[in-house]
Amino acid sequence: MEDTHPAANDGASAVTTEAKPLQIKSWADVADEPDPEQEQEQAGPSDEKSDVQLDSLSIDESKRVDNNLTDPDDSSIKSVTSGDTLYTSAKSFEDLNLSSDLLSGLYNEMRFERPSKIQAISLPMILKPPYANLIAQAHNGSGKTTCFVLGMLSRVDPNQKAPQALCICPTRELAIQNLEVLLRMGKYTKITSELAIPADSANYIPIHKRPPVTAQVIIGTPGTINKWVLAKKLGMSQMKILVFDEADHMLAESGFQDDSVKIMKAIVRCNSNCQVLLFSATFDDAVRTFVSKIVKDLFVRDNNELYVKKEDLSLESVKQYKVQCPDELSKITVIKDKILEIGEKVGQTIIFVRTRNSASMLRQALVNLGYEVTIIQGALKQEDRDRIIREFKDGLTQVLISTDVLARGFDQSQVNLVVNFDLPVKYDKPSEPDYEVYLHRVGRAGRFGRKGAVFNLLCDDRDNMIMDKIEKNFNAQIAQLGSWNSNEDFVDALKKAGLL
DNA sequence: AAAAAAG
């Protein structure tokens with residue numbers, strides 16, 4: 001609690017440098033892993049004599065070494081820390097006092113060389129006593145998963161055979177994916193883990209017939225976790241760290257909110273020292289205030305918070321386009337002639353649709369035209385969902401039609417193209433865009449700074465109005481594709497996106 | 001009318 005890092009203590013508080021570097025981002029296609037050349041800046045919180053104060057962690061972009069590599073634009077993270085703990089951003093993973101088993105996992109298994117910006121800033125906050133609660137926003141594909149997986153793995157006491165870390169995700173796909181990351185990163189540790197998601201029919205065991213959970217890390221979806229907690233099969237007394245992935249969604253969206261709050265209350269009841277981490281690429285202003293208050297009130301202490309301005313949130317490496325389609329049929333033609341024929345060459349594609357029905361409709365239309373494509377949506381059988389995701393991740397399928405099940409968090413580096421067959425709109429107000437979902441969909445392309453392209457298929461005034469609002473909201477450049485049925489325009493667009 | 005969950 002009283003530790004200080006002399007190097008970071010320059011007494012300059014509440015300074016947030018806004019200098020934006022030139023937007024020259026070309027590292028995306030260079031290599032799979034971040035290049036080590038990049039300098040992380042020191043965080044400089046304030047006066048160590050003060051007892052309690054709000055510090056602003058300054059990140060001086062002007063001192064950033066100019067090279068052809070940046071993180072996926074976490075340049076503008078703003079930080080507010082509570083309490084008197086000073087944090088120094090981590091230049092390397094060695095700075096974090098991790099066990100050698102974990103370092104091996106990071107270097108040998110994950111092939112990481114050094115922390116990304118969000119990792120450099122958030123990991124010290126997560127790992128340093130008094131283990132403050134943290135709300136952290138960072139760009140899509142900037143390595144948030146590593147932050148909380150590493151957090152969970154390092155906070156677990158390997159000798160204690162009881163649940164100590166819990167991670168809650170909005171979809172079973174994301175829970176599975178996060179567990180896979182945990183298994184890889186923790187490969188050299190003896191830490192045990194278990195998935196808490198609805199079982200497929202072959203593996204179903206009624207809850208009362210299950211033994212109590214002994215795994216040290218649990219990753220799952222809210223309904224199943226809650227069920228286990230209520231049945232007293234998942235004990236909360238030893239819980240050291242609770243993570244919400246896609247936290248804005250989990251805590252603000254009705255349907256998720258109830259379960260999420262119930263789980264938090266179950267933890268607080270027996271263990272109010274549990275550290276809470278909330279991660280997402282999006283925290284809409286209202287949601288941000290709201291979730292901050294929920295966690296503050298429930299755990300009766302202040303949070304550390306990291307935020308990015310919404311104008312700085314769209315990915316520079318992903319080029320976005322508007323495609324004006326004269327009618328619904330031409331949207332299908334665009335998928336067939338442009339995406340399936342030309343887009344196929346530049347990597348994998350996810351086509352987002354609004355409803356389960358339009359997913360099936362679009363698939364059927366393409367099948368009728370002689371194209372075999374797969375769809376994923378929440379009403380499919382668990383085993384089908386798993387198979388379809390596995391086939392896509394293994395590269396056996398090139399194009400996947402999806403509802404918003406995959407909008408958030410789905411990580412497949414080969415996805416270079418995202419198509420919004422339908423624009424994302426608010427569930428209760430279809431005339432309003434869902435900005436957060438839009439940003440998350442875009443973020444399925446351009447993982448870890450790679451190049452990508454997004455094609456928004458627009459076919460009436462309403463579509464265009466929604467698109468305009470999205471453009472304004474993020475202050476993003478969305479180029480107009482010349483003509484919906486011109487191969488040259490499409491190829492040109494892919495070239496401009498750096499994909500051809 | 002997306003997401004989770006239900007046995």
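Chain letters run A, B, ... following the sequence lines, proteins first, then strands; residues in each count from 1. Remember, it's a predicted structure, so these values are computed and weren't measured experimentally.
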Rounded to whole angstrom units, what separation is found between the [atom1] atom of [X] and the [atom2] atom of [N]?
| X | N | atom1 | atom2 | result |
| --- | --- | --- | --- | --- |
| A/D259 | B/dA6 | CG | C1' | 12 Å |
| A/K262 | B/dA5 | NZ | P | 13 Å |
| A/I197 | B/dA4 | CD1 | P | 10 Å |
| A/D200 | B/dA5 | CG | P | 13 Å |
| A/F244 | B/dA3 | CZ | P | 21 Å |
| A/L195 | B/dA5 | CG | C1' | 16 Å |
| A/K381 | B/dA5 | NZ | P | 18 Å |
| A/M250 | B/dA4 | CE | C1' | 8 Å |

Residues 429-438 of chain A, side-chain donor-acceptor partners within the protein, below 3.5 Å, at least two apart:
unit_1	atom_1	unit_2	atom_2	d
A/E432	OE2	A/K469	NZ	2.6
A/D434	OD1	A/E436	N	3.3
A/D434	OD1	A/V437	N	3.1
A/Y438	OH	A/Q320	OE1	2.4
A/Y438	OH	A/N456	ND2	3.2

Touch class at under 4.0 angstrom, heavy-atom based, for [X] against every strand present:
| X | value |
| --- | --- |
| A/A196 | nothing |
| A/G255 | base |
| A/Q377 | sugar-phosphate |

Quick check on contacts: within [range], what sits under 4.0 Å from DNA chain B by heavy-atom distance?
| range | value |
| --- | --- |
| residues 221-236 of chain A | A/T221, A/G223, A/T224, A/K227 |
| residues 400-412 of chain A | A/T403, A/V405 |
| residues 167-175 of chain A | A/P170, A/T171, A/R172 |

| Between A/E391 and A/R387, is the closest basic N to carboxylate O distance under 4.0 Å? | yes
| OP1 or OP2 of B/dA4 less than 4.0 angstrom from a side-chain nitrogen or oxygen of A/R385, does that happen here? | yes
Pair up each side-chain donor or acceptor in residues 338-346 of chain A with any protein partner under 3.5 Å, not counting sequence neighbours, and list the distances.
unit_1	atom_1	unit_2	atom_2	d
A/K338	NZ	A/N487	OD1	3.2
A/E341	OE2	A/Y371	OH	2.5
A/K345	NZ	A/E341	O	3.2

| field | Pair of N/O donor and acceptor under 3.5 Å linking B/dA4 base with A/Q257 side chain | value | no
List for me each residue that meets ring-ring contact (aromatic ring centres under 6.0 Å, His included) alongside [X], sequence neighbours excluded, and say none if there are none.
| X | result |
| --- | --- |
| A/H440 | none |
| A/F490 | A/F455 |
| A/F279 | A/F148 |
| A/Y131 | none |

Acceptor/donor pairs from residues 192-199 of chain A side chains to any protein atom, 3.5 angstrom cut, sequence neighbours excluded:
unit_1	atom_1	unit_2	atom_2	d
A/T192	OG1	A/Q216	N	3.0
A/T192	OG1	A/Q216	OE1	3.3
A/E194	OE2	A/R210	NH2	3.2

| query | If you look only at pairs with a residue in residues 354-383 of chain A, which of them pass as a salt bridge (Lys or Arg N to Asp or Glu O under 4.0 Å), with sequence neighbours excluded? | reply | A/R363-A/E372
| message | Walk me through whether A/H139 and A/L313 qualify under side-chain contact (heavy atoms from CB on, under 4.5 Å). | response | CA-CA 6 Å; A/H139 294 78; A/L313 215 43; 3.9 Å; yes
| request: Tell me, please, which residues at least two apart from A/D411 pass salt bridge (charged side-chain N to carboxylate O under 4.0 Å, His left out). | output: A/R447
| query | Do the side chains of A/I135 and A/F283 get nearer than 4.5 Å, heavy atoms only? | reply |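 With C-beta onward as the side chain, the pair touches.
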